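Note that the coordinates shown come from a computational prediction; the quantities given were computed from them, not determined experimentally. Chain identifiers are assigned alphabetically (A, B, ...) following the order of the sequence lines, protein sequences preceding nucleic acid strands; residue numbering begins at 1 within each chain.
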4 protein chains.
Amino acid sequence: MSNNMFNEFLSSESVKLTVKQQRIVQAAIRLFAEKGYSNTSTAEIAKLAEVSEASIFKQYGTKDKLLLALIIPQFKEFFPSMADEVLGQLSRSQSTFEGFLREFLRNRIELALKNKEIFQIIIKELIYKEELKKELIPYIFEVAASRLTQVIELFKERGELTDIPTGKMLKSLFTFVGGFFASQFVLLNKESIDEQEIEDAVRFMLHGIGSSSSNN
Amino acid sequence: MSNNMFNEFLSSESVKLTVKQQRIVQAAIRLFAEKGYSNTSTAEIAKLAEVSEASIFKQYGTKDKLLLALIIPQFKEFFPSMADEVLGQLSRSQSTFEGFLREFLRNRIELALKNKEIFQIIIKELIYKEELKKELIPYIFEVAASRLTQVIELFKERGELTDIPTGKMLKSLFTFVGGFFASQFVLLNKESIDEQEIEDAVRFMLHGIGSSSSNN
Amino acid sequence: MSNNMFNEFLSSESVKLTVKQQRIVQAAIRLFAEKGYSNTSTAEIAKLAEVSEASIFKQYGTKDKLLLALIIPQFKEFFPSMADEVLGQLSRSQSTFEGFLREFLRNRIELALKNKEIFQIIIKELIYKEELKKELIPYIFEVAASRLTQVIELFKERGELTDIPTGKMLKSLFTFVGGFFASQFVLLNKESIDEQEIEDAVRFMLHGIGSSSSNN
Amino acid sequence: MSNNMFNEFLSSESVKLTVKQQRIVQAAIRLFAEKGYSNTSTAEIAKLAEVSEASIFKQYGTKDKLLLALIIPQFKEFFPSMADEVLGQLSRSQSTFEGFLREFLRNRIELALKNKEIFQIIIKELIYKEELKKELIPYIFEVAASRLTQVIELFKERGELTDIPTGKMLKSLFTFVGGFFASQFVLLNKESIDEQEIEDAVRFMLHGIGSSSSNN
DNA sequence: CATGAATGAGTATTCATTCAT
DNA sequence: CATGAATGAATACTCATTCAT
């Protein structure tokens, strides 16, 4: 039921997809997620979608553009909206950084689960296709990092975070969160993430595994 | 210059490769690392190696076996030897967990840098090829985890680590270290990792980003 | 001019073949008949048919299925219909076994000549491909033998045949008729069979070469 | 145990084959008989024979010459010797044509059984390879027919055969005997032929299946 | 004499894509 | 808008054959 992403894709472009077009999108998502873009042929997509191959090319021009048409709306959704939806409200409230982090993780996980297949495609192809990497990684840093920086600095002022430079913090958080999403959703193909796991992740990000006495 | 892994592969099998056969290996490594297994044709490998395609298949039988012949020796090298080389010595000494972690990271990073291309192939295909995933992930958990568990419990007894269950610790460390290697070597394609970055990673793993007063 | 079989094949499946598709069929028949299935490449077929190799595979999937698509309709035509067309009418009439045999041979020869190339393919591959052999020989025995048995027993009752067991008669007739078709159409590649030859064959099957006085 | 043919091949050429060379010959015979010349690769032969492919080509030059080296000695054995061994003695004796035919069939069947694989190869390739056909069929007619003609005419004079022209008789006998060998040894892959079957064949060739009263 | 190494030319089959209807 | 038909270029892989050692 990846209709969610699907609908978002629609609304953001205000395009009405016919039934056949929807079937193409859904078939492509399933196959790309499962076997990877390179190992999925347009013939397979057409067969699963029960349309002719020609219809796919009529709509999307090339296989590559089909991939982008699936990925990009979701990509935009996943990274930038981070701030607008979550940060905006929470940071101004009285909530702690821990609360923010928990909420932030929960929220992103929920979004990733709802669109797991697209999410898998993004990670797989981000790592696999040199060109995608070059286009999307800068985007991530620009958009996502800039907003998170504000939040981190806000909580730094409140004394909830150590005085490690914000850039380094971001890097560490990205590394961990990226590793978390990749391992949970791509490597392990998890269907759900339970609260405890979120809790453990938050705790690790905040305090690591060293005993408190060993702080320097 | 991934001759290092290459030589290890050789010695472990004590096979003498001819000059042309070496060129095949090197061409395959470069192309698989750069464009991914699925996007590299045997024709391209043959062309870069300046041999006939037939020679590739005479030696390796299938493209798949060629991939495995490149990956597996390095894979065995990277994961299990962790304990024997590094853990063995350090854990018995008077060194702290922080020292161990630092040394461990340094050591693995050095190994990964020496064989960066193979390393990139492993990560890319681990994520991309469902079958490889199913074969290699259990292996990682078995071999690598079992040895690290010993170390963690040793340092727990010494009071250097919090009382989080070892399994959770391992999971968090794997997540972070995996994210670290994937982002540094695959996404960012770094040629080197400076000391400061190692230091930051160690610090994050031990203490996170929360201020010490916020400990629970 | 093997259009005859070709049309029958068509009608039995009620598939409309495009001009190019017909050229594929005709090219495949010619080449398989001339050089044998194993010695004919799909590239050759495509070239002779003046289509792309891809077109062949779009239609038939594999080279093997192409062979079967050529062979099977004709095969079904050649063996079972034997009874329905020929036997049915003749056996009930006042005609002699000699008359029946002559008519039967004439009829099968005519059919084989009209589709000589397909016929050559069937015999060649029946002998050459172990798998085809296993599928088709039982079919021949089942379908063809069962109907001929009735005819032979009818004429036995009329006293026109010796009292050799029907099974043995059938075996001898099959051996001779099979040898006849194989030698005439495959080994000698005859374009026509004249009446005299049919007469000689009938005579041989009925009376052999011994002088009548030497009967036992 | 097709050593028999094998030895004859040796003696007729007075060549001593090394152990490896014998293994090549035996491997080739088995594989050609089983899967056909076209579907057997020199690599397979080399593997089964446990020699290098190069050795095969050192010995035989081409795959084609290897086939001929297997076929020709046996071919010469099967057809011409017919007369010398069998005809010579029998025809001059007081034996009947029936006795001759029985002995002749027995003798040829025995020879074919001893070298069944070679025999299968000959029939398969005779039918399959246009070139072989063109070389060998004239040979058969020349050599084999000429000798049998003498026998038939001898027995004709003795009144044991009808007055059908010798040529027609030969053709009919060839057709039946050819059909017999092809069906028994290639299609049905029989391991042995029992006496009764020989008896039935002889009877059919002499008297056919018509009742004696129906003679003209 | 025997072979490991190497290959040019195929081999069946797949691919993304185009276009007339 | 949708598709059946068609394909050039590739794809992984095989083949019979050569040659230096």
Side-chain angles (χ1 to χ4, degrees), chain A residues 18-21 24 37-46 49-66, chain B residues 15-21 23-24 37-46 49-66, chain C residues 16-21 23-24 37-46 49-66, chain D residues 17-21 24 37-46 49-66:
Chain A
T18 68
V19 179
K20 295 205 170 190
Q21 289 167 347
I24 293 173
Y37 174 84
S38 289
N39 301 320
T40 301
S41 71
T42 51
E44 283 174 295
I45 297 169
E50 293 177 298
V51 299
S52 68
E53 273 190 88
S55 294
I56 296 176
F57 286 92
K58 203 76 173 183
Q59 267 293 304
Y60 297 98
T62 67
K63 190 187 168 193
D64 238 81
K65 284 184 196 156
L66 169 58
Chain B
V15 178
K16 305 288 173 205
L17 293 191
T18 66
V19 180
K20 295 205 172 189
Q21 287 170 342
R23 288 211 305 259
I24 293 173
Y37 173 85
S38 288
N39 299 322
T40 302
S41 73
T42 51
E44 284 174 294
I45 297 170
E50 291 178 298
V51 299
S52 68
E53 273 191 86
S55 294
I56 296 175
F57 286 95
K58 259 278 149 62
Q59 224 196 318
Y60 295 100
T62 66
K63 191 188 167 193
D64 235 80
K65 284 185 196 156
L66 168 59
Chain C
K16 304 287 174 209
L17 293 191
T18 66
V19 179
K20 295 205 171 189
Q21 287 170 343
R23 288 210 307 260
I24 292 173
Y37 174 84
S38 288
N39 300 321
T40 302
S41 72
T42 52
E44 283 175 293
I45 296 169
E50 290 177 300
V51 299
S52 69
E53 275 191 84
S55 293
I56 297 175
F57 286 94
K58 259 277 149 61
Q59 224 195 319
Y60 296 99
T62 66
K63 190 187 168 193
D64 235 81
K65 284 184 196 156
L66 169 59
Chain D
L17 294 191
T18 67
V19 179
K20 294 206 170 189
Q21 288 167 345
I24 293 173
Y37 173 84
S38 288
N39 300 320
T40 301
S41 70
T42 52
E44 283 174 296
I45 297 170
E50 291 178 298
V51 299
S52 68
E53 273 190 88
S55 293
I56 296 175
F57 285 93
K58 204 73 174 186
Q59 267 293 303
Y60 297 98
T62 67
K63 190 188 168 190
D64 238 81
K65 285 184 195 155
L66 169 59

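- Between A:Lys58 and the phosphate of E:dC19, there is no side-chain N or O to OP1/OP2 separation shorter than 4.0 Å.
- Nucleotide E:dT14 holds its P atom 16 Å from the NZ atom of B:Lys63, rounded to whole Å.
- With values rounded to the nearest 0.5 angstrom, A:Lys58 atom NZ is found 14.5 Å from A:Glu53 atom CD.
- A straight line from OH of C:Tyr60 to P of F:dA6 spans 11 Å, rounded to a whole angstrom.
- Side-chain proximity of A:Glu53 to F:dT7, F:dT14, E:dT17: nearest is E:dT17.
- Within 4.0 Å of C:Ser38, counting heavy atoms only, lies no atom of the nucleic acid at all.
- For D:Ser55, no side-chain nitrogen or oxygen approaches OP1 or OP2 of E:dA2 to under 4.0 Å.
- If you measure from atom CD of D:Glu50 to atom C1' of E:dG4, you get 17 Å, rounded to the nearest angstrom.
- Nearest heavy-atom pair, C:Thr62 versus C:Lys65, reported as atom, atom and distance to 0.1 Å: OG1-N, 3.1 Å.
- Partner assigned to E:dA9 is F:dT14, using Watson-Crick or G-U wobble distances below 3.5 angstrom.
- Both C:Ala54 and C:Ala43 lie near DNA chain E, and the one whose nearest nucleotide falls closer to the 5' end is C:Ala43.
- Residue A:Ser52 has no polar side-chain atom (N or O) positioned under 4.0 Å from OP1 or OP2 of F:dG4.
- When rounded to the nearest whole Å, the span between CZ of A:Phe57 and C1' of F:dT7 equals 13 Å.
- For the pair C:Gln21 and F:dA6, the criterion of a side-chain N or O lying under 4.0 Å from OP1 or OP2 is met.
- For E:dT14, neither phosphate oxygen OP1 nor OP2 lies less than 4.0 angstrom from any side-chain nitrogen or oxygen of A:Ser41.
- The heavy-atom pair separating A:Val51 from A:Lys20 by the smallest distance is CG1-CB, 3.9 Å.
- The two residues A:Ser52 and A:Ala46 make their nearest non-hydrogen contact at C-CB, 3.9 Å.
- Atom-to-atom, CG of B:Leu17 to C1' of E:dA6 comes out at 15 Å; the value is rounded to the nearest Å.
- In this structure, CG of C:Leu66 is placed 10 Å from P of E:dT13, rounded to the nearest angstrom.
- Taking side-chain N and O atoms only, C:Thr42 has no distance below 4.0 Å to OP1 or OP2 of E:dT11.
- Listed pair C:Thr18 / F:dA6 meets the phosphate criterion, a side-chain N or O lying under 4.0 Å from OP1 or OP2.
- Across the interface with DNA chain E, nearest-nucleotide mapping of C:Glu44 and B:Ile56 shows B:Ile56 to be the residue nearer the 5′ end.
- With both pairing distances under 3.5 Å, F:dA20 is matched to E:dT3 as a Watson-Crick or G-U wobble pair.
- Distance NZ (C:Lys20) to P (E:dA20): 12 Å, rounded to an integer number of Å.
- Considering every non-hydrogen atom in both B:Gln59 and B:Leu17, the closest pair reads NE2-CD2, 3.3 Å.
- Residues B:Ile45 and B:Leu66 are in side-chain contact: their nearest non-hydrogen atoms beyond the backbone lie under 4.5 Å apart.
- C:Ile45 places its CD1 atom 11 Å from the P atom of E:dT13, with the value rounded to the nearest Å.
- In this structure, B:Thr40 and C:Val51 both approach DNA chain F, and ranking their closest nucleotides by distance from the 5' end singles out C:Val51.
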